Amino acid sequence: MLLKKEKISKIVKILRKDYPDTKTALGYESAFQLLVAVILSAQCTDARVNMVTPVLFAKYPTPQKMAKANLEDIETIIKSTGFYHAKAKSIVTTAQILTEDFNGEVPDNMNDLLKLRGVARKTANVVLSDFFKKTEGVVVDTHVKRVSYRTGLTNNTAPVKVELDLMKKLPKQDWLWAGNAFVWHGRKVCDARKPKCSLCSITKICPKNGVKNSI
DNA sequence: CTCCCGATAT
DNA sequence: ATATCAGGAG
């Protein structure tokens with residue numbers, strides 16, 4: 001069941017009060033470091049990523065240095081984030097592409113970001129919104145997907161379709177904010193296993209109120 | 001669609 | 001023991 005426009009704007013209004021100024025919990029000091037941190041955050045908590053990035057960035061702070069890194073050394077450092085073979089290859093290859101094709105700079109547009117290794121729409125949207133303050137879409141991760149589905153903002157589960165639904169239903173000026181706000185709501189309240197509906201400020205207008213299942 | 005994969009909560 | 005964690009490549 002999809003929600004009507006009025007309910008959607010009501011949900012947005014309430015969540016905006018709960019999460020007025022959200023941003024990523026990932027630690028970084030440059031666009032490159034944010035990009036690497038987001039790649040590492042796949043199927044892994046931000047807290048875990050933040051345990052390894054200080055070590056990683058102390059040794060390989062720039063694309064130039066990361067591009068020459070030894071793969072096994074990277075794997076050792078990032079191992080606890082999971083998927084470490086693929087992630088190590090992704091961040092080193094991405095660093096190489098950045099130094100060779102982008103003058104060592106992280107591109108500020110979706111088209112170029114998608115040329116990097118281990119970077120698809122979700123990662124690109126996080127870098128675009130959190131660092132460049134640009135909005136070419138809505139960040140859709142597992143939390144945004146779940147919150148959007150449960151609240152009736154989408155009937156889809158495929159991330160690309162969820163993103164299209166959100167872009168269609170939310171005014172563009174809310175895109176940047178919504179992605180982060182839904183992530184925080186999904187973490188703190190509307191979590192996958194045991195949603196805290198009794199603590200949720202939109203529980204009364206949520207069609208999935210009380211439904212414990214994930215999607 | 002499957003595979004990648006360790007840490008943590010339940 | 002199992003589900004889940006700011007997904008992406010083949």
Side-chain angles (χ1 to χ4, degrees), chain A residues 15 19 21-28 31 33-53 55-56 71-72 74-98 106 110-132 135-150 154 156-164 166 175-197 211-215:
Chain A
L15 287 181
Y19 314 99
D21 186 28
T22 54
K23 59 189 185 77
T24 182
L26 296 166
Y28 66 94
Q33 293 187 1
L34 173 61
L35 176 63
V36 171
V38 180
I39 291 173
L40 291 178
S41 72
Q43 296 293 292
C44 174
T45 61
D46 284 1
R48 174 59 54 186
V49 174
N50 287 336
M51 291 180 201
V52 310
T53 46
V55 181
L56 185 67
L71 260 184
E72 289 180 13
I74 302 287
E75 288 181 357
T76 303
I77 296 172
I78 69 168
K79 189 166 187 177
S80 68
T81 67
F83 298 158
Y84 60 92
H85 289 298
K87 287 177 180 176
K89 189 179 178 187
S90 288
I91 61 181
V92 171
T93 304
T94 282
Q96 291 168 349
I97 297 173
L98 288 176
V106 176
M110 175 68 72
N111 192 41
D112 284 337
L113 283 167
L114 293 179
K115 294 174 183 169
L116 305 174
R117 173 82 186 201
V119 179
R121 288 194 65 86
K122 182 259 167 179
T123 299
N125 273 328
V126 172
V127 174
L128 283 174
S129 63
D130 211 88
F131 190 88
F132 293 111
T135 314
E136 295 192 28
V138 183
V139 172
V140 176
D141 71 331
T142 182
H143 296 303
V144 177
K145 181 179 74 169
R146 184 176 60 253
V147 172
S148 300
Y149 184 82
R150 285 179 177 165
T154 183
N156 291 301
T157 55
V160 178
K161 289 187 178 179
V162 174
E163 184 179 0
L164 286 174
L166 292 177
W175 290 359
L176 195 157
W177 164 83
N180 278 318
F182 284 25
V183 168
W184 282 98
H185 191 65
R187 273 190 194 152
K188 294 166 59 177
V189 181
C190 194
D191 61 284
R193 291 194 176 191
K194 259 177 65 183
K196 302 170 182 66
C197 297
V211 177
K212 305 278 191 226
N213 66 308
S214 185
I215 61 172

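Quick caveat: nothing in here was measured; it's all calculated off a predicted structure. So you know, we letter chains A, B, ... as the sequences are listed, proteins then strands, and number each from 1.
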The residue, Thr24(A) or Arg117(A), whose nearest nucleotide of DNA chain C is more 5′ is Thr24(A)

Closest-nucleotide ordering on DNA chain C, the 5'-leading residue of Ala25(A) and Lys89(A): Ala25(A)

Nearest whole angstrom, please: distance from the [atom2] of [N] to the [atom1] of [X].
{"X": "Leu40(A)", "N": "dG7(C)", "atom1": "CG", "atom2": "C1'", "result": "12 Å"}
{"X": "Lys23(A)", "N": "dA6(C)", "atom1": "NZ", "atom2": "C1'", "result": "15 Å"}
{"X": "Leu114(A)", "N": "dG8(C)", "atom1": "CG", "atom2": "P", "result": "9 Å"}
{"X": "Asn50(A)", "N": "dC5(C)", "atom1": "CG", "atom2": "P", "result": "17 Å"}

Nearest-Å distance once atom P is located in both dC4(B) and dA6(C): 22 Å

Using the P atom as the reference point in each nucleotide, state the distance between dA7(B) and dG8(C) in Å, no decimals. 22 Å

By the side-chain hydrogen bond (donor to acceptor under 3.5 Å, both in side chains) test, which pairs, at least two apart or in different chains, include something from residues 37-46 of chain A? Asp46(A)-Arg187(A)

Taking the side chain as every heavy atom from C-beta outward, state whether Lys87(A) and Thr81(A) have any atom pair closer than 4.5 Å. yes

Tell me, do Asn180(A) and Val126(A) make a side-chain contact under 4.5 Å, heavy atoms counted? no

Where is the tightest heavy-atom contact between Ala25(A) and Asn50(A), given as atom of each residue plus distance? O-ND2, 2.9 Å

Would you say the side chain of Thr142(A) and the base of dA6(C) hold a donor-acceptor pair, judged only by whether the two atoms sit under 3.5 Å apart? no

Can you give one letter per nucleotide of nucleotides 4-10 of chain B, going 5' to 3': B for a protein heavy atom under 4.0 Å from the base, S for sugar-phosphate only, - for none? BBBSSBB

With Asp130(A) as partner, the option from Thr24(A), Leu26(A), Val139(A), Leu176(A) fulfilling side chain to side chain contact (heavy atoms under 4.5 Å, CB included) is Thr24(A)

If only atom types and distance count, is the side chain of Thr94(A) paired as donor or acceptor with the main-chain N or O of Arg117(A) below 3.5 Å? yes

